[in-house]
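Since the structure is predicted, the reported quantities are computational estimates derived from the model, not experimental observations. Sequence lines set the chain letters: A, B, ... in the order given, protein chains first and strands last, and positions in each chain run from 1.
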Amino acid sequence: MRRLLHRLCPSSSRWLVLGALLLLNTVSRLAAEPRFPPPDFSETNHRIPVTTTPGARALWLQYADVAVLLACLAVALWLIYRKRSRRGVFWLSLFSLAYFGFYRQGCICAIGSPQNLALGLFDPSYAVPFTATAFFVAPLLVALFAGRAFCAGVCPHGAIQDLVLVKPLKVPLWLEHALGLVPFLFLGAGLIYAATGTGFVICRYDPFVPLFRLSGRFFVLMAGGAFLVLGMFVGRAYCRFLCPYGALLKLASLFSKWRVRVTPDTCTQCQLCEHSCPFGVIREPSAGALPPQFLGRERRRLGGLLLLLPALIAGGAWLGSKLSVPASQLHPAIQLAERYVRQQKAPAPYGVQTADALSLQRAEENPEAILTAAADLRQRFKLASALFGGWVGLVLGMKLISLSLRPSRTDFEPDRGACFACARCFLSCPNERVRRGLMPASELPLPVGGNAGLVT
Amino acid sequence: MNPTLYPRPLSRREFAGQVARGALLAGAALVAGPAALAAQSGQNNPFAYDLSRLSQTDSKLVRYEETGRFRCPHAEPRRVAVGPGDALFVAAGNYVTALGAGGASGLEIALSGPARCVAVAKDGTIYAGLRDHVEVFDAKGQRRAAWETPGGKPWFTGLAVGENDVFAADAGNRVLFRFDRSGKLVRRLGEKNKERGVPGFIVPSPYLDVELGPDGLLHVNNPGRHRVEAYTFDGDFEGGWGKPTAAIDGFCGCCNPIGLAVLPEGRIVTCEKGLPRVKVYGAQGEFDSVVAGTDAFPENAKVGAGETRGDSTLAGLDAAADSQGRIYILDFVTGDIRVMKRKA
């Protein structure tokens with residue numbers, strides 16, 4: 001200390017600095033208010049619990065999480081595309097369930113990461129954690145190039161559902177398509193509520209995180225249990241019908257450079273793979289090109305739908321803006337302001353001490369601040385609800401358009417967007433079995449033409 | 001050619017129809033679900049920490065009536081005491097103030113820090129307790145002495161004065177100091193001592209009070225044990241009474257009673273916080289009556305329950321009794337002093 005002072009100050013001012021430091025120390029001690037000593041519990045041997053605040057995860061451990069994610073993604077790609085090994089993918093998913101699920105307790109998690117980015121975009125005071133960005137970007141990038149490898153072996157939510165799958169049933173096609181829209185809507189809602197600072201609803205209502213933590217709200221724990229029971233008969237129900245990050249991966253996978261192929265060789269169109277997929281994503285070969293006399297009508301339909309799309313978006317936006325008030329009631333500041341207004345209109349008698357009652361008491365001390373904040377939030381929700389309504393219109397419109405399209409397929413192939421790349425179908429393919437030496441090539445069924453699935 | 005020869009896996013029309021039906025069903029469930037939840041939430045929560053039942057006092061037990069009320073002249077009132085001629089003295093803020101009939105301010109003494117307690121001798125000498133020491137003033141308010149600070153972590157919260165002694169209740173050190181009138185420490189009382197059968201004070205919050213009774217004993221509250229205890233001037237433990245219960249005849253919460261007063265005939269007045277109430281017990285601890293129940297102190301009860309931003313640890317009551325048996329109740333939250341008289 002003296003050496004430092006010697007360097008920093010010439011000898012004449014050194015004493016001044018020392019004096020100032022001593023004075024500062026004395027003043028701070030005098031200003032400190034003495035506190036009443038804590039109770040003595042020596043008779044009962046009670047120990048006063050020390051208040052602890054969980055520290056932030058060490059930075060190197062956060063980097064380690066990202067490294068584990070990247071490594072798992074790399075191993076998943078190698079297992080799916082190189083080894084074509086279901087067993088390998090299964091063991092990888094078990095590791096992911098143990099690490100990202102039970103060890104990291106579902107946090108950090110790619111599923112909730114879009115909310116971090118949304119909040120970071122709209123709230124300048126929120127710094128998006130590096131890990132959240134990495135968990136958002138890495139699986140999406142992989143999906144853009146090679147499909148949903150993340151879902152296959154890295155996501156703990158998918159892994160826990162795969163573990164309980166006993167007897168997969170086929171979901172009616174209309175229901176599959178209808179429920180398949182829900183992840184997109186949930187994603188929109190999650191982003192809107194994150195951007196407005198309401199909360200991370202995707203995380204709040206995540207059914208599996210409470211199971212990983214072995215604690216949580218009763219309703220969400222029950223939902224997790226229900227999803228596991230449902231998952232015994234409906235493969236990956238959460239991933240297919242609720243997961244908002246899955247919706248993003250689905251979109252990215254539609255444009256992926258590489259895709260999962262059932263057969264390593266030519267498709268014999270034996271349909272064995274179709275029965276092996278518990279998620280019903282193996283698509284049969286298409287009927288080929290439409291005869292020319294139908295083309296005009298189909299094009300007119302498509303054109304009509306494309307014209308309808310802006311109307312659906314506008315209608316959704318209008319409806320959304322009309323529903324902004326109920327939508328905003330999830331925000332705690334608006335809930336508090338509404339309780340305050342209700343209390344002013346009809347004062348309730350002094351009653352049970354609850355968290356709500358306490359916050360209300362505090363609101364009564366500065367109602368202006370609460371009401372102003374709520375009014376500002378209402379304005380933000382008007383725009384946010386309109387955006388969400390427009391998003392709903394877009395999702396519906398795109399669904400109708402997608403139903404009007406006729407994808408061209410010559411073989412039995414997994415649906416690019418819906419396939420979880422779980423590698424279950426590989427071994428069902430006779431060509432794969434021959435490749436692995438599990439059956440002689442002479443037993444291969446004869447390949448049929450590309451239009452084998454055409455109903456004529 | 002029939003267009004159905006080229007079927008899609010799912011047509012737009014089929015999709016739209018089925019989705020509409022499903023949406024209707026889901027909509028009905030969405031309406032019915034929250035309605036059922038709302039109906040359920042309207043029911044009483046059996047696990048709620050509901051003290052409202054205890055805040056009501058049986059009117060038959062209330063044997064005192066309010067005959068007057070006036071404001072304490074300063075904020076942050078802590079203790080009230082009765083001096084010669086039944087003059088009232090209040091320790092509030094950085095002052096000790098003498099109040100005349102009807103609450104008119106008389107003598108006012110400025111202290112060097114916040115006043116925590118006050119006692120007045122028969123000769124008019126005023127003893128003011130600050131956090132860590134006692135200051136002495138004559139009857140005209142002239143400062144005569146400031147006593148030495150005892151060691152440890154002193155936190156004076158109660159004073160009583162006899163012919164030759166001054167007793168200071170130190171909540172921080174959990175001890176009762178006996179000084180002579182010149183400020184010399186004579187003895188430490190009330191500290192745990194198995195040989196002498198002294199149980200020791202348990203004081204979770206800064207409320208330890210001492211009063212001198214007509215029986216020649218010191219009456220001290222032991223809030224952590226929910227008792228009032230009696231000691232001789234030499235520190236012999238003479239006994240104690242009180243039971244921990246939320247019922248009206250006992251003391252509830254972590255630490256009660258917090259303040260005492262002694263009526264001329266020896267009955268003891270107790271003050272409680274949390275559920276703020278003032279009661280009278282016989283000299284042997286038998287429950288006598290309620291002076292004012294929790295329902296008489298709604299603001300105090302709210303602060304004490306932590307329902308406001310006010311410091312709930314400072315919500316409480318104190319009392320003093322004059323020679324005519326009137327009880328003066330000081331409300332720390334509202335700053336009111338109520339004059340209570342026994343009903344005829």
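With sequence neighbours excluded, no residue forms a side chain to side chain donor-acceptor pair (under 3.5 Å) with Ser402(A). Under the side chain to side chain donor-acceptor pair (under 3.5 Å) criterion, Lys192(B) pairs with Glu43(A), not counting sequence neighbours.
When heavy atoms are compared at a cutoff of 4.5 Å, Leu360(A) does not approach chain B at all. Using a 4.5 Å cut-off between heavy atoms, Pro172(A) does not touch chain B at all. Looking at Ala16(B), neither its backbone nor its side chain comes within 4.5 Å of chain A, counting heavy atoms on both sides. Looking at Leu181(A), only its side chain comes within 4.5 Å of chain B, counting heavy atoms on both sides. The part of Pro199(B) that comes within reach of chain A is its backbone (N, CA, C, O), which places non-hydrogen atoms under 4.5 angstrom from that chain.
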Applying side-chain contact (heavy atoms from CB on, under 4.5 Å), run through Lys399(A) and Ile401(A) and close with a yes or a no. CA-CA 5 Å; Lys399(A) 183 71 202 177; Ile401(A) 289 170; over 6 Å; no
Run the side-chain contact (heavy atoms from CB on, under 4.5 Å) test on Asp318(B) and Phe332(B) for me, step by step, so that the C-alpha distance in whole Å, both residues' side-chain angles and the decisive distance to 0.1 Å come before the verdict. CA-CA 8 Å; Asp318(B) 190 36; Phe332(B) 296 178; 3.9 Å; yes
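In terms of non-hydrogen atom pairs under 4.5 Å with chain A, the most contact-rich of Gly224(B), Gly17(B), Ala171(B) is Ala171(B).
A donor-acceptor pair under 3.5 Å links the side-chain atoms of Trp391(A) to the main chain of Phe184(A), judged by distance alone.
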